[in-house]
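Please read the structure below before turning to the comments.
Quick note: numbers below take in every heavy atom, side chains included, and nothing from hydrogens, waters or symmetry partners. Sequence lines set the chain letters: A, B, ... in the order given, protein chains first and strands last, and positions in each chain run from 1.
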Protein chains: 2
Amino acid sequence: MRIGELATRTGLTVKALRFYEAAGVLPAPERRPSGYRDYDEAALTRLRFVRAAQAAGLTLAEIRQIVTVREHHGPPCRHVTALLEDHAVDLDRRIAELTALREEVRRLRDRADRLDPADCDTTAICHVIPTDG
Amino acid sequence: MRIGELATRTGLTVKALRFYEAAGVLPAPERRPSGYRDYDEAALTRLRFVRAAQAAGLTLAEIRQIVTVREHHGPPCRHVTALLEDHAVDLDRRIAELTALREEVRRLRDRADRLDPADCDTTAICHVIPTDG
DNA sequence: CTAAACCCTCCCCTGCGCTGGAGGGTCAAG
DNA sequence: CTTGACCCTCCAGCGCAGGGGAGGGTTTAG
């Protein structure tokens with residue numbers, strides 16, 4: 001099938017498919033004499049994997065590593081498990097950061113309700129945001 | 001003072017200070033005949049505000065808006081409060097997304113411990129990441 | 001035969017907050 | 001006079017996942 005059909009069947013854009021090929025997560029397909037890409041059904045399987053991996057928070061670079069391991073060294077399961085482990089740790093850290101930030105923002109916002117704009121002088125810019133120093 | 005001294009006194013880099021000026025969060029200072037920037041003490045106050053606002057999760061574009069409001073329309077407190085409100089909502093959404101993702105990642109990772117790499121076939125790439133379709 | 005839909009490559013653009021480097025000028029000390 | 005530490009402007013790039021559009025060629029239906 002041509003790239004447009006693959007796009008509609010996967011819900012991706014033609015641009016994205018060409019980008020995936022350049023990124024190394026979708027193998028370069030055969031070409032017709034006209035130069036048009038000609039995909040087989042395996043492309044659908046591959047793209048399902050790419051989407052599932054993206055949904056699990058993996059980057060295209062990581063997905064490329066996985067398919068490379070698969071093609072050269074056999075089942076990449078251990079590698080994938082390590083990647084997931086790293087991502088879980090990373091997510092924990094980012095969630096903790098964002099949660100702390102959210103509490104700080106709410107604290108500032110609640111405090112702002114008890115402040116009078118008239119008390120705010122020019123040099124401070126805005127006393128809703130305290131400079132603490 | 002010259003830009004290097006301002007940099008060391010604020011802990012920022014010379015590059016960052018010039019960038020802040022271009023971004024409109026730090027006013028362009030006087031210039032010496034040599035063309036060197038010559039800052040006064042107000043620059044320190046301004047930079048303290050910029051850092052505090054960044055710590056509250058505001059972008060430089062938002063900070064530029066705040067100082068613009070301050071300079072043209074008086075106390076920006078109401079504007080700042082609205083910004084903080086928006087950020088809080090946004091943070092809630094992002095935290096919820098990341099939390100859901102983290103649970104999915106942990107679920108996949110735990111499931112992986114119960115899978116045998118030998119069961120993994122080539123077309124599936126890696127059965128640790130199920131394609132569900 | 002022609003128009004429309006499709007495809008190709010190539011290069012630039014987005015947001016964010018900077019950083020690095022090239023290629024110069026300035027200023028003080030030795 | 002020279003060295004070195006500053007300073008200037010302008011250009012380029014990072015990482016991420018593509019999107020937009022120019023300027024062509026191809027296929028297909030009427």
Legend entry - Connected via hydrophobic side-chain network under 4.5 Å: B:Leu44 and B:Tyr36: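 Result: no, two separate clusters.
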
Would you kindly give the [atom1]-to-[atom2] distance between [X] and [N], to the nearest whole Å?
X: B:Arg64; N: C:dC16; atom1: CZ; atom2: P; result: 10 Å
X: A:Leu17; N: D:dA17; atom1: CG; atom2: C1'; result: 13 Å
X: A:Phe19; N: C:dC7; atom1: CZ; atom2: C1'; result: 20 Å
X: B:Arg51; N: C:dC18; atom1: CZ; atom2: P; result: 11 Å
X: B:Arg32; N: C:dT26; atom1: CZ; atom2: C1'; result: 11 Å
X: A:Leu60; N: D:dG19; atom1: CG; atom2: P; result: 12 Å

Legend entry - Test salt bridge (Lys or Arg N to Asp or Glu O under 4.0 Å) applied to B:Glu41 and B:Arg46, B:Arg9, B:Arg48, the passing residue: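 So the option named by the test is B:Arg9.
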
Inset, instruction - Pick out which of B:Arg31, B:Arg2, B:Arg32 makes a salt bridge (Lys or Arg N to Asp or Glu O under 4.0 Å) with B:Asp38. - result: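 Looking at B:Arg31, B:Arg2, B:Arg32, the match for B:Asp38 under the salt bridge (Lys or Arg N to Asp or Glu O under 4.0 Å) is B:Arg32.
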
Legend entry - Sugar-phosphate or base contact per nucleotide [nucleotides 1-15 of chain D; S, B, -; heavy atom under 4.0 Å]: -----BSSBB-----

Inset, instruction - Begin with the C-alpha distance, continue with both residues' side-chain angles, and end with the deciding distance and a verdict on side-chain contact (heavy atoms from CB on, under 4.5 Å) for A:Gln54 and A:Leu60. - result: CA-CA 7 Å; A:Gln54 277 189 313; A:Leu60 291 182; 3.6 Å; yes

Legend entry - Below 4.0 Å: OP1/OP2 of C:dC18 and any side-chain N or O of B:Gln54: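 B:Gln54 to C:dC18 OP1/OP2: side-chain N or O found under 4.0 Å.
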
Legend entry - Any A:Thr13 side-chain N or O less than 4.0 Å from OP1/OP2 of D:dG18: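 For D:dG18, neither OP1 nor OP2 has a side-chain N or O of A:Thr13 closer than 4.0 Å.
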
Legend entry - Shortest non-hydrogen contact between B:Arg106 and A:Ala88, atoms and distance: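 What the structure gives for the nearest pair is NH1-CB, 3.1 Å.
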
Legend entry - Contact check, side chains of B:Val14 and B:Leu6, non-hydrogen atoms, under 4.5 Å: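 A side-chain contact is absent here, since even the closest heavy-atom pair is not under 4.5 Å.
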
